[in-house]
Amino acid sequence: MGDVLAGIHATWEFDTDSVLIRFERGIRTPKLFQSLRERRIPYAALSSVTLTPGKRGTVVLRAVPRAGADPLVEAASGQLKEGCDPYRLVLPAEREVLAEYYADELRALLDPASDEPADRFLVAAPEAPMNFKAYDGRAGFDGERVSFRWSWTGASSAKWKAGDQSFKVSELAGIVWRSPEALDGYLRLLPRAAAPVDHRTGGSLGDLHGPDGSGSAGGGSADGVPAAAPVTRAADQDPAAVLFGLGYGPVHESLPFAAAVLESVRRTQPAPAASAPALVNAGRRDPADIAERIHHLGELHRAGLVTDAEYTTKKAQLLAEL
């Protein structure tokens, strides 16, 4: 195509096989966009394209990524706010006709298998080295190892006893990223000997991102890795996890970090057999956990941090998980 479409906070540059998304820098641009800077999205990584009315005289062109194609989307696991979605391009309403043209052009370029999940990551992850400051320590990633150095002001006695931690990505099965905007935000690494996280103590079956983005349930091995007992420690007691808090582990720092680790884990591990059970559907979430998250969502809504539409949509998603 060779064209350029400039919108609010981002510009899309169309190439023969991909679209290069360049994010603007500025005080009104979401910090996640500024952190990502630019992303090249192969057309093969997209499942569909939509064009919908936006807020205050705008239209929104959105390229919908295929499941399993983007490590950032997989790590976020549906927790990103609409305004921080890197696949949305907001345009003035007067450019709707032009947006329709590009939407049709993109649809014509979609892969015939666009409805199917990708068997590997097609979008590049943020590059290492990376680091960020969590509530109870500092996390670092050099491309091969993830390290946690505990803070004396925030780390629990259990983590101090365990000492600073270092994990080879080849020894990990996946990660769990819980947004810092939640009450119990954290980044948890899942060693290959570990099984699904108990969602009553931090994390959930649906949050596991293993080598194929879905993980494998206990009782067997998808790729020769023996299963182990479920994780029962809360994130603040787990030396393989760092906690988030106000100003600690913000989305624009911890999510790209999590995506980079997840991509490295996927790249260094063999894909599980097709017969491996999918963890996402392995069981229901704990009703108490859902109730707590809905309560927190209501507080954000009452504080004006979440719109009516966002509140209704997210609440429906949480109730559907019961």
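Along the sequence shown, residues are numbered consecutively beginning with 1.
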**Q** Per the side chain to side chain contact (heavy atoms under 4.5 Å, CB included) rule, which among Val49, Leu61, Leu46 passes with Tyr87?
**A** Leu46

**Q** Could you tell me how the ring of Tyr248 sits relative to the ring of Tyr135: parallel (under 30°), tilted (30 to 60°) or perpendicular (over 60°)?
**A** perpendicular

**Q** What's the shortest heavy-atom distance between Ala76 and Leu255, and which atoms?
**A** N-CD1, 3.7 Å

**Q** Evaluate side-chain hydrogen bond (donor to acceptor under 3.5 Å, both in side chains) for Trp177 paired with Ser77, printing each intermediate quantity in order.
**A** CA-CA 8 Å; Trp177 181 80; Ser77 190; over 6 Å; no

**Q** What's the shortest heavy-atom distance between Glu24 and Gln34, and which atoms?
**A** O-CG, 3.8 Å

**Q** With the threshold set at 4.0 Å, does a side-chain nitrogen-carboxylate oxygen contact exist between Arg22 and Glu13?
**A** yes

**Q** Which heavy atom in Ala69 sits nearest to a heavy atom in Pro71, and how many Å separate them?
**A** O-CD, 4.0 Å

**Q** Is it the case that the side chains of Ser18 and Arg40 hold a donor-acceptor pair, with the cut-off being a distance below 3.5 Å and no angle test?
**A** yes

**Q** Is it true that Asp70 and Arg39 have a side-chain N and a carboxylate O under 4.0 angstrom from each other?
**A** yes

**Q** Taking the basic N atoms (NZ, or NE/NH1/NH2) and the acidic carboxylate oxygens, is any pair closer than 4.0 Å for Asp104 and Arg107?
**A** yes

**Q** Test Met130 against Glu253 for side-chain contact (heavy atoms from CB on, under 4.5 Å), laying out the working first.
**A** CA-CA 9 Å; Met130 310 176 72; Glu253 294 180 354; over 6 Å; no

**Q** Would Thr50 and Thr52 count as a side-chain hydrogen bond (donor to acceptor under 3.5 Å, both in side chains) if you check the C-alpha gap in whole Å, the side-chain angles of each, and the deciding distance to 0.1 Å?
**A** CA-CA 6 Å; Thr50 64; Thr52 57; 5.3 Å; no

**Q** Take His9 and Val90 through the test side-chain contact (heavy atoms from CB on, under 4.5 Å) and record every step on the way to the result.
**A** CA-CA 8 Å; His9 302 321; Val90 182; over 6 Å; no

**Q** On the 0 to 90° scale, with breaks at 30° and 60°, tag the Trp150-Phe148 ring pair as parallel, tilted or perpendicular.
**A** tilted

**Q** Apply side-chain contact (heavy atoms from CB on, under 4.5 Å) to the pair Asn131 and Phe141, showing each step before the final yes or no.
**A** CA-CA 6 Å; Asn131 62 80; Phe141 178 50; over 6 Å; no

**Q** Say you draw a straight line from OG1 of Thr153 to CG of Asp136; how long is it, rounded to the nearest 0.5 Å?
**A** 9.0 Å

**Q** Tell me if the CD atom of Glu38 is crowded by more than 12 foreign heavy atoms within 6.0 Å.
**A** yes

**Q** Could you check whether the rings of Phe132 and Phe257 sit parallel, tilted or perpendicular, using 30° and 60° as the cut-offs?
**A** perpendicular

**Q** For the residue pair Ser170 and Thr268, what are the closest heavy atoms and their distance?
**A** CA-OG1, 4.0 Å

**Q** Given the ring of Phe121, does Arg266 sit roughly above its face, with NZ or CZ under 6.0 Å from the centre of the six-membered ring and within 45° of the axis?
**A** yes

**Q** Show, in sequence, the C-alpha distance, side-chain angles and deciding distance for Asp111 and Tyr43, and conclude whether the side-chain contact (heavy atoms from CB on, under 4.5 Å) test is met.
**A** CA-CA 7 Å; Asp111 191 284; Tyr43 299 136; over 6 Å; no

